[in-house]
**Q** 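Okay, here's the structure, questions in a sec.
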Amino acid sequence: MPELPEVETSRRGIAPHIEGKTFKAVVIRQPRLRWPVPDSLMTTLPGLKLDSVERRGKYLLLKTRQGTLILHLGMSGNLRITTPEQAPGKHDHVDFIFDDNTLLRLNDQRKFGAVLWSSDPVDRHPLLATLGPEPLSDAFNGDYLLQRAGKRSLPVKSLLMDSHIVVGVGNIYASESLFMAGILPTRPAGEISLREYLRLAEAVKTVLRMAIDKGGTTLRDFTDAQGKPGYFQQALRVYGRVDQPCLTCAEPVQQIKIGQRASYFCSVCQR
DNA sequence: AGAGGTACCTGGCAGC
DNA sequence: TGCTGCCAGGTACCTC
C-alpha cells in the first residue's frame with residue numbers, strides 16, 4: 001500500500017479538486033472494508049462543506065465543521081478524481097459526489113482500507129490518539145528514537161514500522177531508510193547508539209521527502225488522483241533487489257523475513 | 001510491557 | 001489446464 005509518500009501524493013492530488021466544495025451524495029457499493037462503512041454517511045455528509053484535506057500518518061482526514069471523514073487506503077487502496085459518468089469498476093467501493101459533480105472514488109482490491117466518520121475532534125479518535133509523531137516533524141529525531149527504543153530487543157526495522165513509534169514508515173521505506181543510514185534491519189532496537197539513531201532519523205526524512213517528490217512508489221497498482229503511477233521505484237536502493245548488486249559496493253542484496261515482512265539489506269554497507 | 005503470530009481480502013505467480 | 005501454496009505497499013488484536 002500506500003505508505004506516507006503515496007498517501008501524501010493522493011492528498012495533494014485530490015485536495016485542489018474538492019476543497020471548499022459541498023458533499024452532494026455518497027454511494028456505498030461495498031460496505032465491508034476493514035470496518036463496516038457507516039450507512040449514516042449517506043445522510044450525514046450531503047450538505048456539508050469540505051473545508052480541508054489533511055493527513056495524519058497514513059490516514060486522510062477530510063474535515064468539515066461538523067466532523068471528519070477518515071480514509072485509510074490499506075494495502076491496495078486508491079483514490080481517484082472522476083465524474084459520475086464514469087462507470088465504477090470492480091473494486092470501486094465508495095463514491096463521494098460533490099455539488100459540482102466532481103466525484104472522489106475509493107478503489108481497494110483487498111478491502112483492508114477504511115472509511116469512517118468522527119464527529120468529535122479527530123485527533124482523539126481511537127485510531128489516531130495513540131499514533132507517534134510525523135516523521136517529517138521536528139518531534140521525530142535521533143534522541144526521540146533512542147528514548148523510545150529503551151532496552152527493547154525487537155529488530156530496529158520493526159520499531160520503525162510501528163505507527164505508535166512513528167507514523168508513515170512502511171515496509172518499503174523502512175528498508176530504504178536503514179540502508180541509507182547504514183544500519184542492519186535486524187539489530188535489536190535497544191542496542192543502537194544515539195549517533196546511529198541520529199543518522200536513521202535523518203535518513204527516514206530524506207527518503208520520504210524524495211519519495212514524495214517522485215509521486216510515491218508504484219510496485220503494482222498505486223496511482224495518484226489522476227490515475228498516474230509514482231516514480232520512486234526507480235530510486236529504490238535495496239527494496240525488491242534481492243541478489244542484485246548493491247548500488248554502493250556491488251555485494252548481492254540480501255532478503256530475509258522480519259516480523260513476516262520481506263526485508264532487504266546489504267551486509268557490507270549496513271552494520 | 002513486550003514479543004510474536006493471526007486475521008482480514010483479492011489476485012498474480014510458481015510449481016506440480 | 002487446474003490445483004495448491006505463497007506472496008503483496010497495513011495494522012488491530014490475540015496470546016504467551
Side-chain angles (χ1 to χ4, degrees), chain A residues 1-11 29-37 55-60 70-79 89-94 106-116 125-132 135 147-178 185-191 204 207-208 211-212 214-224 229-236 238-242 255-264:
Chain A
M1 134 150 166
E3 301 186 36
L4 187 148
E6 293 75 39
V7 178
E8 179 61 18
T9 296
S10 294
R11 189 194 70 76
R29 286 182 210 87
Q30 172 54 275
R32 301 187 55 174
L33 302 186
R34 167 132 211 189
W35 295 283
V37 179
R55 180 187 58 72
R56 175 74 177 100
K58 297 173 190 168
Y59 293 93
L60 284 170
I70 303 173
L71 304 180
H72 195 287
L73 302 180
M75 290 274 264
S76 53
N78 253 304
L79 286 168
K90 186 164 184 192
H91 302 291
D92 288 336
H93 304 316
V94 184
L106 173 70
N107 178 286
D108 184 7
Q109 174 194 114
R110 292 176 69 185
K111 303 194 184 108
F112 288 170
V115 177
L116 297 167
H125 188 281
L127 288 173
L128 305 192
T130 59
L131 291 179
Q147 177 248 315
R148 291 302 304 267
K151 298 186 161 132
R152 297 181 67 180
S153 62
L154 91 169
V156 61
K157 175 169 180 262
S158 302
L159 185 84
L160 214 47
M161 290 177 64
D162 182 344
S163 64
H164 302 102
I165 301 292
V166 58
V167 297
V169 184
N171 202 37
I172 296 177
Y173 301 116
S175 278
E176 292 297 311
S177 301
L178 285 159
T186 46
R187 298 256 311 272
E191 294 175 14
V204 167
V207 166
L208 293 180
I212 291 169
K214 301 275 186 194
T217 298
T218 299
L219 295 184
R220 41 186 70 76
D221 49 17
F222 172 76
T223 59
D224 69 10
Y231 294 97
F232 192 68
Q233 63 276 13
Q234 295 163 11
L236 296 174
V238 285
Y239 185 89
R241 298 192 60 249
V242 60
Q255 180 188 19
I256 55 169
K257 290 270 182 194
I258 299 175
Q260 344 271 67
R261 313 298 301 277
S263 310
Y264 302 86

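Computed from a predicted model, the values in this text were never measured in an experiment.
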**Q** What's F232(A) touching, base or sugar-phosphate or nothing? Going by heavy atoms closer than 4.0 Å.
**A** nothing
**Q** Taking atom P in both dT10(B) and dT1(C), what distance in whole Å separates the two?
**A** 25 Å
**Q** Kindly give the heavy-atom pair with the smallest separation between P2(A) and M75(A), and that separation in Å.
**A**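 In terms of heavy atoms, the two residues are closest at CD-O, 3.6 Å.
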**Q** Rounded to whole Å, please give me the gap between NZ in K111(A) and C1' in dA8(C).
**A** 17 Å
**Q** Is it true that the side chains of N107(A) and D92(A) contain a donor and an acceptor less than 3.5 Å apart?
**A**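 Yes, side-chain donor-acceptor contact under 3.5 Å.
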**Q** Roughly how many Å is it from CG in L219(A) to P in dC7(C), rounded to a whole number?
**A** 16 Å
**Q** How far, in whole Å, is dG5(C) from dA7(B) if one measures between their P atoms?
**A**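 Result for the P pair: 15 Å, nearest Å.
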**Q** Grab the two heavy atoms, one from D221(A) and one from N78(A), that are nearest each other, plus how far apart they are.
**A** O-ND2, 2.9 Å
**Q** Any side-chain donor-acceptor pair under 3.5 Å between E3(A) and Y173(A)?
**A**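 Looking only at side-chain atoms, Y173(A) and E3(A) do not form any donor-acceptor pair under 3.5 Å.
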**Q** What is the first contacted nucleotide of DNA chain B and what is the last, in 5' to 3' order, if contact means an atom lying under 4.0 angstrom from a heavy atom of chain A?
**A** dG2(B) to dG11(B)
**Q** In whole angstrom, give me the gap between the P atoms of dC3(C) and dC9(B).
**A** 22 Å
**Q** Can you measure Q233(A) atom CD to dA8(C) atom P for me and round it to whole angstrom units?
**A** 17 Å
**Q** For DNA chain B, which consecutive runs of 3 or more Watson-Crick or G-U pairs (each distance under 3.5 Å) count as stems?
**A** B:2-8 with C:10-16, B:10-16 with C:2-8
**Q** Which of these passes side chain to side chain contact (heavy atoms under 4.5 Å, CB included) with L79(A): T223(A), V7(A), L60(A), D108(A)?
**A**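 With L79(A) as partner, side chain to side chain contact (heavy atoms under 4.5 Å, CB included) holds for just one option, L60(A).
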**Q** Carefully, step by step, assess V169(A) and V204(A) under the rule side-chain contact (heavy atoms from CB on, under 4.5 Å).
**A** CA-CA 8 Å; V169(A) 184; V204(A) 167; 3.9 Å; yes
**Q** Under a plain distance cut-off of 3.5 Å, with no hydrogens placed, do D224(A) and T9(A) share a side-chain donor-acceptor pair?
**A** no
**Q** Applying side-chain contact (heavy atoms from CB on, under 4.5 Å), run through Y239(A) and N171(A) and close with a yes or a no.
**A** CA-CA 9 Å; Y239(A) 185 89; N171(A) 202 37; 3.9 Å; yes
**Q** How do Q260(A) and S153(A) order along DNA chain B: which one's closest nucleotide is nearer the 5' end?
**A** S153(A)
**Q** Hey, does R220(A) reach any base, or is it just sugar-phosphate, or nothing, if we go heavy atoms under 4.0 Å?
**A**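 The residue R220(A) makes base contact.
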**Q** Between R34(A) and R261(A), which has a closest nucleotide on DNA chain C that is more 5'?
**A**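 Between the two, 5'-proximity favours R261(A).
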**Q** NA contact type, D221(A), heavy-atom cut-off 4.0 Å: base, sugar-phosphate, or nothing?
**A** base
**Q** Report the distance from atom CG of L4(A) to atom P of dG10(C), rounded to the nearest whole Å.
**A** 11 Å
**Q** Remember a base hit wins even if backbone is also touched, and classify K90(A) as base, sugar-phosphate or nothing at under 4.0 Å, heavy atoms.
**A**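 Sugar-phosphate only.
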**Q** Looking for any heavy atom pair under 4.0 Å, which part of the strands does H93(A) touch: base, sugar-phosphate only, or nothing?
**A** nothing
**Q** Indicate the atoms forming the closest heavy-atom contact of E8(A) with R55(A), along with that distance.
**A** OE1-NE, 2.8 Å
